[in-house]
A.B. asks: 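Have a look at the structure that comes next, please.
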Amino acid sequence: MNQTEVLFVEDSAGDALLTQQILAESKLPVHVHIARDGEQALAMLANERFRPAMIILDLSLPRLSGFEVLEQNPRKDIPVVIFSASERLSDKERTLSLGAKEYIHKPMDMVGYRNAVLGMVRNWAMSEQDTNGTVPM
């Protein structure tokens with residue numbers, strides 16, 4: 001089974017590691033690429049050979065914010081899901097107006113975080129054949 005590529009733009013090493021661990025344990029065929037800041041994310045997206053099925057984007061990033069990444073994203077065809085600790089309605093509205101497909105507040109509990117990550121990947125990165133119930137969780 002081919003792996004689905006996902007770009008996770010996140011400066012927190014803990015969140016990046018936790019997300020990779022959740023997806024590895026889920027048995028979903030996903031390979032997570034990590035960009036630690038907005039500049040690195042845009043550089044990765046500028047490479048036409050890199051074809052992630054989705055982008056999971058934090059807002060609070062060094063060098064370029066998540067808002068700036070959304071504004072400058074050269075790959076508007078790739079769905080972007082915001083995964084942020086911010087609960088500000090203005091942040092949600094702004095990101096959606098800039099082209100994000102969904103805005104998810106990062107849960108602070110492990111079960112909620114796991115469910116959020118798996119839900120994002122299933123909804124935006126996996127094809128129907130990968131999520132028809134045959135993939136163990």
Side-chain angles (χ1 to χ4, degrees):
M1 184 181 299
N2 289 336
Q3 285 194 323
T4 299
E5 307 290 324
V6 171
L7 174 59
F8 186 27
V9 187
E10 174 62 67
D11 62 319
S12 165
D15 284 357
L17 182 63
L18 179 59
T19 300
Q20 288 176 310
Q21 185 175 5
I22 288 168
L23 291 168
E25 290 173 359
S26 76
K27 308 283 191 279
L28 291 173
V30 175
H31 180 255
V32 181
H33 300 266
I34 305 292
R36 300 283 184 199
D37 61 55
E39 285 182 357
Q40 185 181 17
L42 290 177
M44 291 171 77
L45 291 167
N47 179 351
E48 286 294 322
R49 287 179 285 154
F50 179 52
R51 299 178 184 265
M54 73 174 296
I55 300 165
I56 302 171
L57 178 63
D58 187 21
L59 292 180
S60 181
L61 298 168
R63 298 199 178 141
L64 292 175
S65 72
F67 296 110
E68 293 170 300
V69 172
L70 273 173
E71 289 169 344
Q72 298 175 35
N73 179 10
R75 309 282 289 283
K76 302 292 187 192
D77 58 314
I78 301 170
V80 177
V81 176
I82 304 302
F83 196 41
S84 175
S86 172
E87 294 186 79
R88 288 189 293 263
L89 181 59
S90 61
D91 287 349
K92 179 179 181 176
E93 291 172 345
R94 182 174 174 200
T95 58
L96 294 174
S97 74
L98 289 170
K101 299 297 185 188
E102 189 173 9
Y103 188 103
I104 297 174
H105 177 260
K106 282 183 187 174
M108 293 297 120
D109 64 287
M110 288 297 282
V111 172
Y113 192 99
R114 179 183 184 278
N115 290 340
V117 168
L118 293 174
M120 281 186 284
V121 171
R122 269 197 225 101
N123 291 339
W124 295 103
M126 306 302 295
S127 68
E128 286 184 31
Q129 67 189 29
D130 294 331
T131 59
N132 65 7
T134 61
V135 177
M137 296 268 282

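Each residue takes its place number in the sequence, starting with 1.
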A.B. asks: How many angstroms lie between atom CG of Leu118 and atom CG of Asn123, to the nearest 0.5 angstrom?
C.D. replies: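 Interatomic distance, Leu118 CG to Asn123 CG, rounded to 0.5 Å: 10.5 Å.
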A.B. asks: Determine the minimum heavy-atom distance between Leu7 and Pro52, stating which atoms define it.
C.D. replies: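 Of all heavy-atom pairs spanning Leu7 and Pro52, the closest is N-CB, 4.0 Å.
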A.B. asks: Could you give the distance from CG (Asn115) to CE (Met110), rounded to the nearest 0.5 Å?
C.D. replies: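 Answer rounded to 0.5 Å: 11.0 Å.
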A.B. asks: In the structure I gave you, are the side-chain heavy atoms of Tyr103 and Val81 within less than 4.5 Å of one another anywhere?
C.D. replies: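 Not touching, per the 4.5 Å side-chain cut-off.
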A.B. asks: Could you see if Ile56 belongs to whatever hydrophobic cluster contains Met44? Use Ile, Leu, Val, Met, Phe, Trp, Tyr and a side-chain cutoff under 4.5 Å.
C.D. replies: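 Ile56 does not cluster with Met44.
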A.B. asks: Has the side chain of Arg63 got a donor or acceptor atom that lies under 3.5 Å from a matching backbone atom of Gly38?
C.D. replies: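 Side chain of Arg63 to backbone of Gly38: no pair is present.
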A.B. asks: Between Val69 and Val80, is there a side-chain heavy-atom distance shorter than 4.5 Å?
C.D. replies: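 With C-beta onward as the side chain, the pair stays apart.
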A.B. asks: Report the distance from atom OG of Ser84 to atom CZ of Phe67, rounding to the nearest 0.5 Å.
C.D. replies: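 Separation between the atoms: 7.5 Å.
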A.B. asks: Okay, side chain of Thr19, backbone of Asp15: is any donor-acceptor separation there less than 3.5 Å?
C.D. replies: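 Pair found, side chain donor or acceptor close to backbone of Asp15.
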A.B. asks: Is any side-chain heavy atom of Glu68 closer than 4.5 Å to a side-chain heavy atom of Leu61?
C.D. replies: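 Answer no - side chains too far apart.
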A.B. asks: Identify the two heavy atoms, one from Phe83 and one from Ala116, that lie closest to each other, and give their separation to 0.1 Å.
C.D. replies: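 Between these two residues, the closest heavy atoms are CE1-CB, 3.9 Å.
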A.B. asks: Ring centres under 6.0 Å, that's the criterion: do His33 and Phe50 meet it?
C.D. replies: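 Yes: the rings meet the under 6.0 Å criterion.
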A.B. asks: According to a 4.5 Å side-chain heavy-atom criterion applied to Ile, Leu, Val, Met, Phe, Trp and Tyr, with indirect links allowed, do Val117 and Val32 form part of one hydrophobic cluster?
C.D. replies: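 Yes: a chain of side-chain contacts under 4.5 Å links Val117 to Val32.
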A.B. asks: Has the side chain of His105 got a donor or acceptor atom that lies under 3.5 Å from a matching backbone atom of Glu87?
C.D. replies: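 Such a contact is absent between His105 side chain and Glu87 backbone.
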A.B. asks: Quick one, Asn73 and Ile55 - any side-chain contact, counting heavy atoms below 4.5 Å?
C.D. replies: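 Heavy-atom side-chain distance check passes, below 4.5 Å.
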A.B. asks: Taking the side chain as everything from C-beta on, heavy atoms only, tell me whether Ser65 gets closer than 4.5 Å to Leu59.
C.D. replies: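 A side-chain contact under 4.5 Å is absent here.
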A.B. asks: Salt bridge or not between Glu102 and Lys92? Use side-chain N to carboxylate O under 4.0 Å.
C.D. replies: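 Not counted as a salt bridge, because no side-chain N and carboxylate O are separated by less than 4.0 Å.
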A.B. asks: Taking Leu17 as the starting point, is it possible to reach Met108 by hopping between hydrophobic residues whose side chains are less than 4.5 Å apart?
C.D. replies: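 Different hydrophobic clusters.
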A.B. asks: Shortest non-hydrogen contact from Leu70 to Ala100?
C.D. replies: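 What the structure gives for the nearest pair is CD2-N, 4.2 Å.
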A.B. asks: Is there a path of hydrophobic side-chain contacts, each under 4.5 Å between heavy atoms, that joins Leu57 and Ile22?
C.D. replies: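 No, separate clusters.
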A.B. asks: To the nearest 0.5 Å, what is the distance between CD on Glu93 and CG on Leu98?
C.D. replies: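 So the CD of Glu93 and the CG of Leu98 are separated by 12.0 Å.
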A.B. asks: Taking all non-hydrogen atoms of both residues, which atom of Ile104 and which atom of Met120 are closest, and how far apart?
C.D. replies: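 Looking at all heavy atoms of both residues, the shortest contact is CD1-CG, 3.1 Å.
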A.B. asks: Which heavy-atom pair separates Arg36 from Ser12 by the least distance, and what is that distance?
C.D. replies: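 Scanning both residues completely, I find the closest heavy atoms to be NH1-O, 4.1 Å.
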A.B. asks: When rounded to the nearest 0.5 angstrom, what is the spacing between NE2 in His31 and CG in Asn2?
C.D. replies: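 The distance works out to 13.5 Å.
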A.B. asks: Spell out, yes or no, whether Leu18 and Val121 are grouped together once hydrophobic residues are joined by side-chain heavy atoms under 4.5 Å, including indirect joins.
C.D. replies: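 Yes; Val121 is reachable from Leu18 via cluster members.
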A.B. asks: Using a 4.5 Å cut-off on heavy atoms from C-beta on, say whether the side chain of Val30 contacts that of Met126.
C.D. replies: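 In short, these two side chains touch, coming nearer than 4.5 Å.
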A.B. asks: Among pairs that include at least one residue of residues 40-59, which meet salt bridge (Lys or Arg N to Asp or Glu O under 4.0 Å), considering only residues two or more places apart or in two chains?
C.D. replies: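 Matches after skipping sequence neighbours: Asp58-Lys106.
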A.B. asks: Of all the heavy-atom pairs spanning Val6 and Ala125, show the shortest one and how long it is.
C.D. replies: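 Closest pair (atom of Val6, atom of Ala125, distance): CG2-CB, 4.0 Å.
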